[in-house]
Amino acid sequence: MKKQVIVLSGAGISAESGISTFRDSGGLWEQHRIEDVATFEAWERNRKLVQEFYNLRRKQLHEVAPNAGHKELVRLEQAYNVQIITQNVDDLHERAGSTHVLHLHGELKKARSTVNPDYVVELEGWELKEGDVCPQGGQLRPHIVWFGEAVPMIEPAAELCAKADVCIVVGTSLNVYPAAGLVSYVPRHAPKYVVDPGEVQAQVPNVTYIREKASTGLKKVVDELLKKENFS
Ligand code: OAD
């Protein structure tokens, strides 16, 4: 049976595709205040601004493509069961070809009803507008987990982490909880790799740090893991 690799990914893996991260210098949270665009209170106070913020992110997503880092994780699937758990709301892992992707913080290309949280639809274009409603007449909102909201996928994600044989953490500053706590569910003995050009520290045993961008750093990790299973 193939071993299980869990990949915990964040904004940094999409940086080389041209999508800004949040907390690096020049990142999104330097240009926008979280409380203005990424909370339910912001949505109630200034819906237009929130819609505009996510419409722009969605428009940009239609203009970019997966990069070498995303593709390395697809290459790993020949020898391992690879489960990606991403904080990203883009769909670049799926477009690269990864088959198991769990989104912790929602998905940009989807919208959700404000009166029925089970009503989630895929958007056709990039724009979500005032007056776009569900069949019950409720306004559609971005399908994003905002600050202060529950993270419904955290339990299944923690269960997956507990079954990991290997874990790769890539492109996340590990600042946002509960996502940042997932790595501590990975068994102690499982080898862990942190791929990030920044000074990210994972407070768990058995970690190798690769202080590089996702494209080159993941290539090294994937080469090593494939070699271990006699693939190349
Ligand atoms: P951050 O912006 O906090 O962290 C991005 C990480 O990517 C940093 O550690 C960078 O050093 C690293 N990085 C930059 N360029 C990279 C590259 N080319 N290759 C690899 N790594 C690179 O982003 P996240 O940790 O994903 O949530 O942020 C977590 C959550 O905070 C997001 O999901 C979002 C945000 O607020 C919501 O909006 C709900």
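Atom set for the values below is all heavy atoms of this structure, side chains included, hydrogens, waters and symmetry mates excluded. Quick note: residue numbers are just sequence positions, from 1. Indexing begins at 1, ligand by ligand and atom by atom, following the structure's order. Treat the numbers as computed from the prediction; the structure is a model and nothing was measured.
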> Can Glu77 and Thr99 be counted as having a side-chain donor-acceptor contact under 3.5 angstrom?
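Their side chains do contain a donor-acceptor pair, which is all the 3.5 Å distance test asks for.
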> Does a salt bridge link Lys213 with Glu16, judged by any charged N lying under 4.0 Å from a carboxylate O?
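Looking at Glu16 together with Lys213, the answer is no, because their closest N to O distance does not fall below 4.0 Å.
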> Write down the atom of Val204, the atom of Ser184, and the distance for their closest heavy-atom approach.
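Looking at all heavy atoms of both residues, the closest pair is CG1-CA, 3.9 Å.
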> So which pairs with a foot in residues 68-120 pass ring-ring contact (aromatic ring centres under 6.0 Å, His included), sequence neighbours left out?
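Listed by first then second residue: His70-His93.
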> If you measure from the Lys or Arg side-chain nitrogens to the Asp or Glu carboxylate oxygens, is any gap between Glu212 and Lys220 under 4.0 Å?
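A salt bridge is present here (some side-chain N lies under 4.0 Å from a carboxylate O).
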> Which protein residues have a heavy atom closer than 4.0 Å to any atom of ligand 1, listed by chain and number?
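Answer by chain and number: Gly10, Ala11, Gly12, Ala15, Glu16, Thr21, Phe22, Arg23, Asp24, Trp29, Gln87, His105, Val145, Phe147, Gly171, Thr172, Ser173, Val176, Asp196, Pro197, Gly198, Val200, Lys213, Ala214.
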> So Trp29 and Phe147, would you call those rings parallel, tilted or perpendicular, with 30° and 60° as cut-offs?
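Rings of Trp29 and Phe147: perpendicular, over 60°.
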